[in-house]
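Just follow the structure's listing: the first ligand is 1, and inside any ligand the first atom is 1.
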Amino acid sequence: MTPRAGIVLAAGDGTRMKSARPKVMHEVAGRPILGHVIAAMRGAGIERIVAVLSPDAGEARDYAGREGCEAVTQESRLGTGHAANAAARRLGNFPGVVVTTYGDMPLVTAQCFESSLGARERTGLSLAAFRAADPAAYGRVLLDGDGFLDRIVEFKDATADERGHDLCNAGIFAAEAKAFFRWTAALDNANAQAEYYLTDLPLLARRDGVACAVAIVDETDVMGVNSRAELARAEARMQDRLRAAALAAGAGLRDPETVHFSFDTVLEPDVEVEPFVVFGPGVRVRSGAQIRAFSHLEGADVGRNAIVGPYARLRPGAALEEDVHIGNFVEVKNTRIAKGAKANHLAYLGDATVGEGANIGAGTITCNYDGFDKHETTIGAGAFIGSNSALVAPVRVNAGAYVGAGSTITKDVGADALAVERAQQLEKPGWAARFRARKKAEKATKGGGG
Ligand code: UD1
Ligand code: MG
């Protein structure tokens, strides 16, 4: 196969987002838009990817680096053609085909790149286009009599008649690298926005006798995100995709529309999810587990047949083994809970290890933080932590021990011991009856008003 390289144009200022964040770093399903684009390119066998970034996009630069991409800077934002040309610094001598994409298309799929790459084989240059239900401000694609691209007209440069066309530019060009950069270097900016448009590239190719073949792709896949409203729409479509994928993989979603996924959520077959559940990044739920309503999970691993919620919160590092029960208003962070252990109500378990079959009473808190450092709590197998106990870490409650309700535990508790830390109960027989009698008498002598 001819080697493939990708160019992601991501140096635009994203003005319409009205955000200090680079547009491509806004997240869809818990992953930056740029990450979705990179993943789709990788899916099409494009290993070498160059992201074109603006000088002030430090966050995007770090992210692209972590994702194994190269980055080049477009010093000033002179348009998409100018941005594509900047990639020549890395790919000018690339011995294969380059494929471009706008960095603001979170729903793009590997298939979109494959389609454009396939069409390129017919002529030497190709473009992916889509039929838009509402073409809005997209560039319009006009075809010649043979079905090749005649030209692309940017919305701002288009006549009313041209705006009437529904075939739009998705920006996925494919061409052999040397030719591609010869054309990008020759673009000019004689248009309504005084920008170097990548969309003028086919005109230059024509002069070299190369026609631009057009591959039609799905509109949803290539929707561009230019505003907060479009970001919200992209999120909704991505959620639809993720819900459909979860159902197809055998998870039960009682009310799919109310369940929110991250790009990497894994639900094994026969997981049951009740309404109104949010999966942040990094969650795996194993077969037979139930995630009950209004729970929020991120960075968590839920074991087979475990029950989580309603109203539970699992934070990063929560690892629940088989048959664990985490009930309402229980928060778990960086804590491994062994098989069959239960924390059914109102508890905080942070930086802890809970042994098999342990029972964590309502109101139990692991006091893991002293304002400077985090400390660990270890609860042994079969231990029973009475309600409203504070376990002041670092501390260990050994296997089989009991902690009496209301205790503040600051010292380790031996295996099978009982630790109680509370004042002795004081009882004064008849006190309440005497108190009431005295109060009634006082009221009677005052005349009992109001
Ligand atoms: C662009 C296309 C339009 C197409 C639409 C599809 C051009 C001239 N227009 O319009 O035909 O229908 O996308 O979504 O290509 N960028 C840079 N440097 C720049 C300018 C932009 O890197 O100087 C990047 C942006 O970060 C963005 C992408 O290029 O990721 C597209 O720019 P954007 O401003 O979103 O272009 P559109 O107006 O959406
Ligand atoms: Mg755009």
Colleague: Heavy-atom contacts with Gln74 under 4.0 Å: which atoms of ligand 1 show up? List them by number with element.
Modeller: 17 (C), 18 (N), 19 (C), 22 (O), 23 (O)
Colleague: Any idea which of Glu154, Met223, Glu230 brings a heavy atom closest to atom 3 (C) of ligand 1?
Modeller: Glu154
Colleague: Show, in sequence, the C-alpha distance, side-chain angles and deciding distance for Arg21 and Glu59, and conclude whether the salt bridge (charged side-chain N to carboxylate O under 4.0 Å, His left out) test is met.
Modeller: CA-CA 8 Å; Arg21 231 177 174 195; Glu59 191 191 349; 2.9 Å; yes
Colleague: Look at atom 31 (C) of ligand 1 and say which protein heavy atom is nearest, naming residue and atom and giving the distance to 0.1 Å.
Modeller: Tyr102 CD2, 3.5 Å
Colleague: Got an N/O contact under 3.5 Å between Gly139 and ligand 1?
Modeller: yes
Colleague: Centroid separation under 6.0 Å, is that true for the rings of Phe181 and Phe94?
Modeller: no
Colleague: Write out the residue and atom name of the closest protein heavy atom to atom 21 (C) of ligand 1, then the distance separating them to 0.1 Å.
Modeller: Thr80 CG2, 3.7 Å
Colleague: Out of Ala83, Ala170, Gly79, Pro135, whose heavy atom is nearest to atom 20 (C) of ligand 1?
Modeller: Gly79
Colleague: Taking Glu70 for the side chain and Arg48 for the main chain, is one N or O donor matched with an acceptor at less than 3.5 Å?
Modeller: no
Colleague: Between Asn368 and Thr366, does any side-chain donor sit less than 3.5 Å from a side-chain acceptor?
Modeller: no
Colleague: Can you tell me the protein heavy atom closest to atom 4 (C) of ligand 1 and the distance?
Modeller: Asn169 O, 3.3 Å
Colleague: Short list, please: which atoms of ligand 1 are under 4.0 Å from a heavy atom of Tyr138?
Modeller: 5 (C), 6 (C), 12 (O), 14 (O)
Colleague: Among the N/O/S atoms of Asp104, select the one at the shortest distance from the Mg ion (ligand 2) and name it.
Modeller: OD2
Colleague: Run the numbers for me: atoms of ligand 1, each under 4.0 Å from some heavy atom of Lys23, listed by number.
Modeller: 35 (O)
Colleague: Has Asn226 got an N, O or S atom lying less than 2.8 Å from the Mg ion (ligand 2)?
Modeller: yes
Colleague: Give, for atom CD1 of Ile46 and atom CD of Glu114, the distance between the pair rounded to the nearest 0.5 Å.
Modeller: 7.5 Å
Colleague: Going by distance alone, is a donor N or O of one side chain under 3.5 Å from an acceptor N or O of the other, for Tyr102 and Asn169?
Modeller: yes
Colleague: Can you sort out which atoms of ligand 1 are near Gly103, meaning under 4.0 Å from one of its heavy atoms?
Modeller: 30 (O)
Colleague: Go through ligand 1 atom by atom and flag the ones less than 4.0 Å from a non-hydrogen atom of Tyr197.
Modeller: 8 (C)
Colleague: Quick test of your reading: applying ring-ring contact (aromatic ring centres under 6.0 Å, His included), list the pairs with at least one residue in residues 301-325, sequence neighbours left out, ordered by first then second residue.
Modeller: Phe294-Tyr311, Tyr311-Phe329
Colleague: For ligand 1, which atoms sit closer than 4.0 Å to a heavy atom of Asn226?
Modeller: 35 (O), 39 (O)
Colleague: Under 3.5 Å, is there a donor-acceptor pair between the Asp56 and Ser54 side chains?
Modeller: yes
Colleague: For Lys23 and Asn226, test the side chains for any donor-to-acceptor distance below 3.5 angstrom and give the result as yes or no.
Modeller: yes
Colleague: List ligand 1 atoms under 4.0 Å from Thr199, heavy atoms only on the residue side.
Modeller: 7 (C), 8 (C), 11 (O), 15 (O)
Colleague: So which bit of Lys156 gets within less than 4.0 Å of ligand 1, heavy atoms only: side chain, backbone, both or neither?
Modeller: neither
Colleague: Can you tell me which residue and heavy atom of the protein come closest to atom 22 (O) of ligand 1, and the distance to 0.1 Å?
Modeller: Ala11 N, 2.7 Å
Colleague: Is the closest heavy-atom distance from Cys168 to ligand 1 below 4.0 Å?
Modeller: no
Colleague: Looking only at side-chain N and O atoms, does Asp370 offer a donor or acceptor that is under 3.5 Å from a partner on His375?
Modeller: yes
Colleague: Tell me, which protein residue and heavy-atom name are nearest atom 36 (O) of ligand 1, and how many Å apart are they?
Modeller: Arg16 NH2, 4.4 Å
Colleague: Hey, does the side chain of Thr335 reach the backbone of Leu349 with a donor-acceptor pair shorter than 3.5 angstrom?
Modeller: yes
Colleague: Counting only N and O atoms by type, is there a donor-acceptor contact under 3.5 Å from the side chain of Ser262 to the main-chain atoms of Arg31?
Modeller: no
Colleague: Say whether Asp157 and Tyr197, considering side chains only, have a donor N or O and an acceptor N or O under 3.5 Å apart.
Modeller: yes
Colleague: Which of the numbered atoms in ligand 1 are below 4.0 angstrom from a heavy atom of Leu9?
Modeller: 22 (O), 24 (C), 25 (C), 26 (O), 27 (C), 28 (C), 29 (O), 30 (O)
Colleague: Report the nearest protein non-hydrogen atom to atom 16 (N) of ligand 1: residue, atom name, distance rounded to 0.1 Å.
Modeller: Gly12 N, 3.5 Å
